[in-house]
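Values reported hereafter were calculated over all heavy atoms of this structure, with side chains retained and with hydrogens, waters and symmetry mates removed.
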Amino acid sequence: MTYCVAIKLNEGIVCLSDTRTNAGIDTISKYKKMFTWTVPGDRVMTMMTAGNLAITQAVISLLNENIEHTEDGIETLYTAPTMFRVAEIVGDAMRIVMNRYGPGLQQAGESALSSIVLAGQRTGGEMRLFNIYSAGNFIEATEDTPYFQIGEHKYGKPILDRIITPETPLNVGITAAFLSMDSTLRSNLSVGMPLDLAVIKKDDIGFDQLRRIEEGDENWALMSEAWSAALRGAFDEMTQIDV
């Protein structure tokens, strides 16, 4: 299991992912689920993955291999003219990998279902946020749905629904992503630290923040406890209401 959240705001995009994979009660590992690409002054992109780890790793490897060993007629993440075209390239890679390995996984009784969230911006274009499915098709974030979650999403959804709109300031969006992740960490042991954070400011064509939050991070612990205390205080006030 995993949890990744991406929020598209007027001021920028926030992406946050955990690093835990769980193949059973006693089989827990850590794998990076956030991947980034930049061409200074031209494009900035990040992807987060969920689902079958072998499938998503193969998709990321195929995308990187096409960049490193470019062939005539093959568009790559670095040559695509728009973010929409980047989403199509990722979707094409997903279909190739699913067609190659999906049938074998199905015969073995394993799920090949996977998803990738793609966020980024090209110079001269708008910020774009896509959710790409196992079949290679995808949807794009809109003003009505300005965020995507993949993996274990139910625990972290309420805070996003109550807080996030396109007009939400970027720093508030980062806080909302943190609290969404904190709620998920507390409720599901199959989601775990460390966390990876990527923040893209509109039209900067680069990462404003790109860092890892390790287990035991003091600032994270303070935020988590403050949120718990705020919830307890709000609950204490609500219990005094005579309905």
Donor-acceptor pair between Tyr78 and Asn66 side chains, under 3.5 angstrom = no
Nearest 0.5 Å please: distance from the CE atom of Met34 over to the CG atom of Leu210.
-> 7.5 Å
Presence of salt bridge, Arg186 and Asp182, under 4.0 angstrom = yes
Do Thr123 and Asp42 get their side chains close enough for a donor-acceptor pair, meaning under 3.5 Å?
-> no
Does Leu113 offer a backbone N or O that forms a donor-acceptor pair with the side chain of Asn52 under 3.5 Å?
-> no
Among Ser17, Ser180, Ser183, which one satisfies side chain to side chain donor-acceptor pair (under 3.5 Å) with Tyr3?
-> Ser180
Point-to-point distance, once rounded to the nearest 0.5 Å, from CZ of Phe207 to OG1 of Thr38 = 6.5 Å
Atom pair NZ/CD of Lys201 and Gln209 - distance to nearest 0.5 Å = 8.5 Å
Sidechain-backbone polar pair: Ser134 side chain, Ser114 backbone, donor-acceptor under 3.5 Å | yes
Indicate yes or no: does Asp196 engage Lys33 in a salt bridge with an N to O separation below 4.0 Å.
-> no
Nonpolar side-chain network containing Tyr31, other nodes, edges under 4.5 Å = Leu53
Nearest-0.5 Å distance, CE of residue Met127 to NZ of residue Lys8 | 5.0 Å
Interatomic distance, CG@Leu77 vs CZ@Arg85, rounded to 0.5 Å, equals 10.5 Å
Which atom of Met193 lies closest to which atom of Leu185, heavy atoms considered | CG-CD1, 4.0 Å
Are side-chain heavy atoms of Phe178 and Ile213 found at a separation under 4.5 Å?
-> yes
Pro146 to Ile164 - nearest heavy-atom pair and separation = CG-CG2, 3.8 Å
Supply the atom-to-atom distance Lys202 NZ to Asp208 CG, rounded to the nearest 0.5 angstrom.
-> 15.5 Å
